[in-house]
Amino acid sequence: MTTVVRKEDPRLLRGVGRFGDDQQRRGQLHARIVRSPLAHGELRSIDTSALDGGVQVVTAADLPGDLRIPVRLSVQGIDLNEYLQPVLAADVVRYVGEPVAVVLADDPYLAEDAAELVELDIAELPAAVDPGTGRTAAEFELGFGDTGEAFAGAAHVVELDFEVGRHSAVPMEPRALLVDVDPASGALDIFGMTKVPVFNRAVLASMLDVDENLIHVHASDAGGGFGVRGEFYPEDFLVPWLAFTLRRPVKWTEDRSEHLVAVNHSRQQRHRIAAAFDVDGSLLGMRDDVLHDNGAYCRTHGIIVPELTLAMLPGPYRVPAYRGRITVALTNKTPCGTYRAPGRFEGTVVREQVLDVAADRIGIDRVELRRRNLLTPGELPHTRAMSTLGTDVVLDPGDYPGLLESTMAEAKRLGYLSEVDTLRAKGRLAGLGVAMFLEKSGLGPQETADVSVSATGAVHVHSGGTSLGQGIETVLGQLASEALGVDPSVVTVIAGDTELQPFGAGSWASRSTVVGGGAVHVSALAVRERAVQIAARMLEAAEDDLVVRDGTIAVHGAPGQRVTLAEVARACQPASPFLLADEPAGLAARRRFEVEHMTYPYGAHVAVVELDEQTGEVRILRYLVGYEVGRAINRTLVAGQLMGGVAQGVGGALFEEFRYDEAGQPQAITFMDYLLPTAAEVPGVNVLISENAPSPGNPLGVKGAGEGGLTAVGAALASAVRDAAGITGSVERLPMTADRVHRLCDMRGETETT
Amino acid sequence: MKPAAFTYHRAHDVREAVELLTELGDEAKILAGGQSLAPMMNFRLARPSALVDITRVPGLDYLRHDADGLRIGALTTHRAVETAGVPDGFRVLPRAARWVGHYPIRCRGTFGGSIAHGDPTSEWCLLAVLLEAGIVLRGPRGRREVPATEFFHGFFATAAEPDEMIVEIRFPGAAPRAALTEFAQRQGDFAVVAAAVSLTIEDGVCSAARLVLGGVDPQPAVVDADQALVGRSANETTWRAAGELAAESIDPPSDGHGSGAYRKRLAATLVSRAFTEAATS
């Protein structure tokens, strides 16, 4: 398909998009959250006497009962009720940034001034900062086969410890909510709840104890989501509840300092991984013991990241026996959730480092070791006897070795390999990184779409996905236009409005094109079928003789005999002679698309880096992502997804970390200390989009593209740094900051210790 | 991230600025470019009760060279320094400007503002100390010049009185062989460590040298490395030895951007690199 201009761009590029903070209502109050300044302590009292009369303040004592944020995704039947986050801390504070009170004022400056005057009397308690000292919220195991036997009979066993640092998504737009209220009925109009609006509406309705139809969550633009934005947080109850209770519009816009301590953190894990190989380097088994730092509470994602870590760890390889065990520890730090490629970013770097170390140990080329152990096309579909996200792991058809082959060939063609050789010949510390990964996408169970044609021929798509900047409106518009035979420009997509699409499941887990797209596809086909039926009556022709093209329906072989889609839509209006007595009016369809299992895209990342051994600087010279997407609806958007993912991966691999001191005080609460990569640090990215393995699980054959740009960046850069530094063990930890790389360079040539 | 309440005053000339500072008292701050002050106010790390905006004061935006050396007006932007034509002996200034923040910051931030802010990694603070500049202040008691070597008193603390404003920075002597280099993980960030050096080479031998480090102390740190430099051949071995000596003589702090031990190693590297650059400049 040819490149289609993004539907979102005209409004976004002209600055007329509508984000949460763009919303204003007459008489609105501004909320400011008072947050705990201590990591752990007994909250003895809250003194608000310094506040003047124009300001209102709410504490846990004012809330209706002991409200806690429920888990959205439950895992392995594990009960987490004991660990859920309260809307406001009542007796104990458990992390710096935990909401304790809300102040309301007429403008955001006054609200921030007033929030400073709220005096918290907190008796400090010891803080658990290291997950090893934290309380265990859950422990579980996933696996298959006999790992004991596999390791006992192994010719080579490689074991190593690896740590991934705590970091997370930093969308360009912080969270924002505007809640308007109908003073008579209490009906709420909510703007800014973008990701899983239908789910959030249900949670809010239940917590407010009202019918969900009293709440209308509107579609709005969002400056990025990446997993963290749009989940149900304490503020998502507080702001609507305040509007509902006070019968006044309430607005809240998070600032960046709040964002860095309030939204879900992610990634922090400590692994001890072991892999067993036979004499030829074939994998016999894998074991991984993981300590997962979940922060102070279990939030909406529950313990899905730990589960995904274990479930996806074997990746695209033939692993006869596997046992993953994870301990989810609670610490006095910001609670954790998913961040783009959750569990896979972590698991992929750990697994790929084991393979790199093993290749050296066994004496096989790194790429060859992978080739030998990748599942072959003949072995797919492949069922792993474990489940994740409530569905079995069934790897759908693909050609993993083929993709590795084509990606390496592309890297060679682009001169990656020779560049490393050239630099080394000049005495420079250059290295090549290679990482292979498996992704998952298209989580069900369903998505619903409404497609309708209006009297002017305009097509409307109401999807349950949400527009987070990823281009969903463009892609769904393309799918509708393709199925209906109309130009994409006549299609308007509204994604994530709870009234227009009350059965939507949201945009996350790389599901929008696969499941949301599937729903639009089947709905648009239903509209097309109905249009042909009506056109047949209008043209007095047989349905089989009609051709749908360019917004018209014509009799085959008689191009003069035709009606436009607009005419057909008008013929579907009440009182139309073409409408039968028992038929509903309108040219529209609502269809549901269901999937049984996820679909598993896969890919390979290749990186060329150069190290400055004196400063520890890592320069990323080249970066290539090879990715199998089944079918690319819009190649430009797929490439954009992959490039954006690489940028975020560079952050997690080299720069970003939420560090804490021993008292649990966060050390990275501004952009001076939380180092996002900038245009100067992000390399140009080459992409190789492969469409060789369409998914059989959906009519479009698509696999998700949302996360694979990020999944293996940690792994590929770790591989490249390891190669450049010439160390025999692993790089041991992400992020590979300059300080750490400097030390790795010092280890060069040292004999292996692990 | 909204500043605490403050009053705003625009000064139209230096005299008015000084009058305003006198009238408004200790808690007033000068707004010269706002590239450091405004973020600090937004974080409420700085809470001035009043701002005296001098950005419209005319006549403070210049680089002039005369018998007294190179004079830089307080409101000269970093970008103006970067693109200025200066006599050979002062070329280290435009060359170092590229290390100052990012392009938009360089277009708004001012030379005098940076000196007044007194960040110990600031390129201009390091070069002012390195080149023994004079900081020219105007206050209610008139005009005075404080040597840069006595101006910086620790993190964001300087010798300027609350009712004084910087009007000019005077670089009295040319330093034909001088260089500044630094390292930060990301381009445009404050340096983890920065090294500014100047050299005199006579007949292939280093006859005098000066070395200032940033990021290792609460103010620009003058390090005496003469023992490794003076009287030695002007070559790589000497520069490396100077770097090692400098690293031994400092005790830098640890933070999220690097441990003290790492900063020492960075200092050794950067000093050596800066001398190499200075020797060939």
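Letters A, B, ... are given to chains in the order of the sequence lines, protein chains preceding strands, and every chain is numbered from 1. It should be emphasised that the depicted structure is a prediction, and the values quoted were computed from it without experimental measurement.
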As an exercise: rank A:Pro677, A:Ala679, A:Ser257, A:Ala680 by heavy-atom pairs under 4.5 Å with chain B and give me the winner.
A:Ser257

Search all heavy atoms of A:Tyr674 against all heavy atoms of A:His167 and return the closest pair with its distance.
OH-CB, 3.3 Å

With a 4.0 Å cut-off, would you call B:Arg265 and B:Glu244 a salt bridge?
yes

Checking heavy atoms, do the side chain of A:Leu676, its backbone, both or neither come under 4.5 Å from chain B?
both

Is it the backbone or the side chain of A:Arg619 that comes under 4.5 Å from a heavy atom of chain B, or both, or neither?
neither

What part of B:Pro3 is in contact with chain A, defined as an atom under 4.5 angstrom from a non-hydrogen atom: side chain, backbone, both or neither?
both

Sort A:Arg740 into side chain, backbone, both or neither according to what part of it lies under 4.5 angstrom from a heavy atom of chain B.
neither

Closer than 4.0 angstrom, basic N to acidic O: yes or no for A:Glu254 and A:Arg35?
no

Would you mind checking if A:Arg733 and A:Glu657 are paired as a salt bridge, meaning a charged N to carboxylate O distance below 4.0 Å?
yes

Is there a donor-acceptor contact under 3.5 Å linking the side chains of A:Asp739 and A:Thr737?
no

Side-chain ion pair, A:Glu112 and B:Arg44, N-O less than 4.0 Å:
yes

Which answer fits A:Asp612, side chain, backbone, both or neither, if we ask what part of it has an atom under 4.5 Å from a heavy atom of chain B?
side chain

Taking the six-membered ring for Trp, are B:Phe111 and B:His78 closer than 6.0 Å centroid to centroid?
no

Comparing B:His257, B:Gln185, B:Gln187, B:Arg273 against chain A, the one with the most heavy-atom pairs below 4.5 Å turns out to be B:Gln185

Contact origin within A:Glu258 toward chain B - heavy atom pairs under 4.5 Å:
neither

Tell me which of these, A:Gln667, A:Arg256, A:His742, has more heavy-atom pairs under 4.5 Å with chain B than the rest.
A:His742

